[in-house]
There are 2 protein chains.
Amino acid sequence: MSKQELRDAGLKVTSPRVSILHLLEQRKNAHMTAEDIYKTLLAAGDEIGLATVYRVLSQFEEAGLVTRHNFEEGKSVFERNRGGHHDHMVCLDTGKVIEFVNEDIERLQHAVAEAQGYDLDGHSMVLFVRPKPKS
Amino acid sequence: MSKQELRDAGLKVTSPRVSILHLLEQRKNAHMTAEDIYKTLLAAGDEIGLATVYRVLSQFEEAGLVTRHNFEEGKSVFERNRGGHHDHMVCLDTGKVIEFVNEDIERLQHAVAEAQGYDLDGHSMVLFVRPKPKS
DNA sequence: ATGCCTGCAAAGCTTTTGCAGATGC
DNA sequence: GCATCTGCAAAAGCTTTGCAGGCAT
């Protein structure tokens, strides 16, 4: 139950936090902005402030419950964390976001960092793609 | 001579444009923000407006003269384009930016897009690294 | 009871836009 | 000469912060 996750993160179990976590849990592939979340919850009859959404999302990010992405410049989207790491592919025509994992790339990224005398601590990788034209 | 590059891009040769292009040419590895560029030019005695810096950088980006990156959320940095593609590694301790090219990763990125039925149109990849601890 | 949370409004930052005057060609 | 360009100031868009009241524990 996600309430326990909140407690484990040292966060009190409040209605905004539960609503936001639930929403991100339902829309696992949604990658929503703070505003998306705010409007969705309002539309669902929830009473919540936009500032609270921002605050809660930052707390969730710090607690490792969600991940923040910057696919487009100037705004962040959030995604519920569930286990494994993955990267993203964004379709430039439709805006669709596809998740993928490629161990070979991960391994090479480590190697590249090592080669420069560094330890890899994380990465951001987004592939921009277009639908293959029908042949 | 870079004035010709401006003309080729359909841009009039004006003092702000020449200054900005020269500055980015000198600091090839600088990855400067609009504000960095603005302040640097002001300090150098140039007369220029911040809005112009933003406008010119966008025009340069569109013309392919510079590339915009979003290493940190909420602000863009710009880099003069010179030939080949490369990716970046950012040191989380020092903020240092290191450029690298890895053909194997590039190839795998194409393969990953293809596997989903897409054509790869570009990508953004930043490795976050820390100095290897002395053993 | 008390310290953490919330909503609201105001402020902060980066970036964009409207406009009148200036400049390149 | 005329369209393009510039600087300034205002505005826009996303996000953060101050504050007084409210809620979880």
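Quick note on labels: first sequence line is chain A, next is B, and so on, each numbered from 1.
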May I have the distance from [X] (atom [atom1]) to [N] (atom [atom2]), rounded to whole angstrom?
| X | N | atom1 | atom2 | value |
| --- | --- | --- | --- | --- |
| Arg17(A) | dT25(D) | CZ | P | 10 Å |
| Asp36(A) | dC14(D) | CG | C1' | 13 Å |
| Asp8(A) | dT25(D) | CG | P | 13 Å |
| Glu72(A) | dT15(C) | CD | P | 15 Å |
| Leu6(B) | dT6(D) | CG | P | 10 Å |
| Glu62(B) | dT15(C) | CD | C1' | 16 Å |
| Ile48(A) | dC5(C) | CD1 | P | 14 Å |
| Leu57(B) | dT16(C) | CG | P | 10 Å |

**OP:** Go through the side-chain N and O atoms of Asn102(A) and Glu106(A) and say whether any donor and acceptor fall under 3.5 Å apart.
**Re:** no

Original post:
Can you tell me if Ser76(B) and Glu73(A) form a side-chain donor-acceptor pair at under 3.5 Å?
Top reply: yes

**OP:** Answer with yes or no whether the hydrophobic clustering places Leu108(B) together with Met89(B); edges join I, L, V, M, F, W, Y residues whose side-chain heavy atoms lie under 4.5 Å apart.
**Re:** yes

Subject >> Residue whose closest nucleotide on DNA chain D lies nearer the 5' end, Leu11(B) versus Tyr38(B) >> reply: Leu11(B)

**OP:** Answer yes when Glu5(A) and Arg80(A) have at least one side-chain N-carboxylate O distance shorter than 4.0 Å, and no when they do not.
**Re:** yes

**OP:** Any pair with a residue in residues 119-128 of chain A that passes side chain to side chain donor-acceptor pair (under 3.5 Å), sequence neighbours left out, goes on the list, sorted by first then second residue, please.
**Re:** His85(A)-His123(A), Asp87(A)-His123(A), Gln109(A)-His123(A), Asp119(A)-Lys132(B), Asp121(A)-Arg130(B)

Original post:
Any ring-ring contact (aromatic ring centres under 6.0 Å, His included) pairs touching residues 86-106 of chain A, not counting sequence neighbours?
Top reply: His31(A)-His88(A), His69(A)-His88(A), Phe71(A)-His88(A), His86(A)-His88(A)

**OP:** On DNA chain C, check which nucleotide each of Glu47(A) and Ser15(B) is closest to and give me the residue with the more 5' one.
**Re:** Glu47(A)

Original post:
Which parts of nucleotides 15-23 of chain D does protein reach within less than 4.0 Å, heavy atoms only, written one letter per nucleotide 5' to 3' as B for base, S for sugar-phosphate only and - for none?
Top reply: BBBB-----

